Amino acid sequence: MENGTLCRVYDLLLDELGPQHWWPADTAFEVVIGALLTQQTKWTNVEKTIIGLKKNNLHEVQTLADADIELLKELVRSCGFYRQKASRLKEIASFFAEQGIENVFSMPMEGLRNTMLSLKGVGNETADVIVLYAANKPKFVIDAYTRRMMKCIGIEGNYMQLQRMFETELPEDIDIYKEYHALIVEYSKAYCGRKRCDECILKELNENGH
DNA sequence: CACCAGGTTGACC
DNA sequence: GGTCAACATGGT
């Protein structure tokens with residue numbers, strides 16, 4: 001790409017893993033569902049729930065908004081925090097049903113982000129996942145893996161600071177943002193914590209000495 | 001058996 | 001502005 005540190009990291013990760021083609025979902029609204037469900041849990045748990053939702057025809061905006069809450073809790077159980085997640089899913093679906101999903105996704109980016117943040121259960125990361133992967137607008141997603149990986153190469157900050165760094169240094173490109181976040185997650189899952197830091201492909205960038 | 005996972009919230013300083 | 005316990009199941 002270009003020659004800042006964050007561009008270099010992107011090139012190294014892409015070279016190591018190849019393109020990831022995220023977010024795994026059939027529809028934009030399914031991205032919203034997945035974004036909420038995957039909070040603090042593994043994607044395999046989310047897959048079970050999404051399959052169950054589809055089996056019960058609850059993966060559409062209106063049917064999910066009208067879903068029986070007890071059935072929803074059962075279906076969401078494998079994702080953890082299932083009481084909260086079930087009711088929040090319903091509320092979010094109701095919001096999209098009332099507003100019209102296309103009207104929501106076609107809002108200007110900052111307005112959309114703030115609107116998502118106003119929904120219960122949607123914080124910075126989930127809002128940005130929706131903005132980037134469902135509404136297809138250039139917002140860089142920060143998560144725990146991103147923070148950890150950046151800390152390893154000597155870059156720290158709060159959510160908005162880290163996001164600003166990525167968005168300032170990288171070209172404003174939706175596909176790069178999508179791919180970059182995916183690469184960080186997949187690389188971290190596969191290598192960090194198991195492999196030692198001195199085997200990390202980012203070690204040449206390490207300014208912390210570990 | 002202990003610990004963590006692609007996080008958010010509300011209470012507190 | 002930052003920190004902390006709750007929230008809960010499933011996999012090492």
Side-chain angles (χ1 to χ4, degrees), chain A residues 6 9-10 13-14 16-17 19-25 28-53 69-95 112-135 139-152 155-166 174 176-196 202:
Chain A
L6 299 179
V9 170
Y10 180 81
L13 293 175
L14 184 60
E16 175 76 13
L17 297 180
Q20 303 300 306
H21 307 299
W22 269 24
W23 183 281
F29 188 62
E30 210 181 293
V31 174
V32 176
I33 296 174
L36 190 93
L37 291 178
T38 198
Q39 291 171 1
Q40 201 63 25
T41 197
K42 297 203 164 85
W43 185 254
T44 51
N45 297 327
V46 177
E47 285 177 322
K48 289 179 207 156
T49 297
I50 297 214
I51 289 169
L53 290 173
I69 189 64
E70 293 306 322
L71 171 58
L72 209 46
K73 282 182 190 168
E74 251 178 74
L75 294 170
V76 169
R77 171 158 313 205
S78 64
C79 297
F81 306 145
Y82 66 94
R83 298 184 195 87
Q84 291 185 1
K85 284 180 180 176
S87 59
R88 287 169 178 177
L89 260 190
K90 245 190 102 129
E91 285 180 22
I92 291 168
S94 299
F95 174 82
L112 172 59
R113 185 176 198 277
N114 288 326
T115 302
M116 294 301 97
L117 283 175
S118 73
L119 298 171
K120 213 180 297 175
V122 179
N124 280 321
E125 181 183 340
T126 307
D128 288 334
V129 167
I130 294 169
V131 169
L132 179 62
Y133 292 102
K139 259 290 154 211
F140 198 89
V141 178
I142 303 297
D143 66 348
Y145 288 141
T146 311
R147 274 204 207 81
R148 248 174 271 168
M149 181 179 284
M150 290 304 105
K151 190 171 181 181
C152 271
I155 299 173
E156 294 186 62
N158 65 26
Y159 191 98
M160 300 310 285
Q161 290 169 332
L162 285 173
Q163 181 174 62
R164 200 171 312 119
M165 282 183 226
F166 278 93
I174 295 165
I176 290 175
Y177 286 6
K178 287 182 176 177
E179 199 52 59
Y180 203 155
H181 174 64
L183 285 165
I184 288 172
V185 173
E186 295 299 346
Y187 182 79
S188 300
K189 286 202 293 202
Y191 298 108
C192 293
R194 291 203 249 154
K195 272 194 172 177
R196 294 163 45 78
L202 304 177

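The model shown is predicted, which means the values in this text are computed figures rather than measured ones. Chain identifiers are assigned alphabetically (A, B, ...) following the order of the sequence lines, protein sequences preceding nucleic acid strands; residue numbering begins at 1 within each chain. Any value given below was found using the heavy atoms of this structure, including those in side chains, with hydrogens, waters and symmetry copies removed.
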Proximal nucleotide (of [options]) relative to the [X] side chain:
{"X": "A/Arg77", "options": "C/dG2, B/dG7, C/dT9", "value": "C/dT9"}
{"X": "A/Lys48", "options": "C/dA8, C/dG11, B/dT8", "value": "C/dG11"}
{"X": "A/Lys42", "options": "C/dC7, B/dA5, B/dT9", "value": "B/dA5"}

Donor on one side chain, acceptor on other, A/Asn124 and A/Gln163, under 3.5 Å: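 Side-chain D/A pair, A/Asn124 to A/Gln163: absent.
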Rounded off to whole Å, could you give me the [atom1]-to-[atom2] distance for the [X] and [N] pair?
{"X": "A/Asp143", "N": "B/dA5", "atom1": "CG", "atom2": "C1'", "result": "11 Å"}
{"X": "A/Phe81", "N": "C/dC7", "atom1": "CZ", "atom2": "P", "result": "9 Å"}
{"X": "A/Leu72", "N": "C/dT9", "atom1": "CG", "atom2": "C1'", "result": "16 Å"}
{"X": "A/Glu156", "N": "C/dG2", "atom1": "CD", "atom2": "P", "result": "13 Å"}
{"X": "A/Tyr82", "N": "B/dG7", "atom1": "OH", "atom2": "C1'", "result": "19 Å"}
{"X": "A/Tyr159", "N": "C/dG1", "atom1": "OH", "atom2": "C1'", "result": "18 Å"}
{"X": "A/Glu47", "N": "C/dT9", "atom1": "CD", "atom2": "C1'", "result": "16 Å"}
{"X": "A/Lys73", "N": "C/dA8", "atom1": "NZ", "atom2": "P", "result": "9 Å"}

Please determine if a side-chain N or O atom of [X] lies less than 4.0 Å away from the OP1 or OP2 oxygen of [N].
{"X": "A/Arg147", "N": "B/dG7", "answer": "no"}
{"X": "A/Asn45", "N": "C/dG11", "answer": "no"}
{"X": "A/Thr38", "N": "B/dG7", "answer": "no"}
{"X": "A/Arg83", "N": "C/dA8", "answer": "yes"}

A/Lys120 side-chain N/O to A/Arg88 backbone N/O, donor-acceptor pair under 3.5 Å: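 Flag not set: sc A/Lys120 to bb A/Arg88 has no pair under 3.5 Å.
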Heavy-atom check, side chain of A/Leu37 versus side chain of A/Leu89, under 4.5 Å: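 Yes, side chains in contact.
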Non-hydrogen side-chain atoms of A/Leu183 and A/Gln20 separated by less than 4.5 Å: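 With C-beta onward as the side chain, the pair touches.
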Scan [X] against the nucleic acid and name what it touches under 4.0 Å (heavy atoms): base, sugar-phosphate only, or nothing.
{"X": "A/Gly80", "result": "base"}
{"X": "A/Val129", "result": "nothing"}
{"X": "A/Leu117", "result": "nothing"}

Contact nearer the 5' end of DNA chain B, comparing A/Gly121 with A/Val185: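 Comparing both residues, the 5'-ward one is A/Val185.
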Residue whose closest nucleotide on DNA chain B lies nearer the 5' end, A/Trp43 versus A/Lys120: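 Whichever sits nearer the 5' end wins; that is A/Trp43.
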Partner of A/Asp128 by side-chain hydrogen bond (donor to acceptor under 3.5 Å, both in side chains), out of A/His181, A/Lys139, A/Arg113: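 Among the candidates, only A/Arg113 passes.
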Position toward the 5' end of DNA chain C (nearest nucleotide), A/Gln40 or A/Thr44: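 Comparing both residues, the 5'-ward one is A/Gln40.
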Inter-nucleotide P distance (C/dA8, B/dC1), Å rounded: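 Approximately 22 Å lies between the P atom of C/dA8 and that of B/dC1.
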Salt bridge flag under 4.0 Å for residues A/Arg77 and A/Glu74: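 No.
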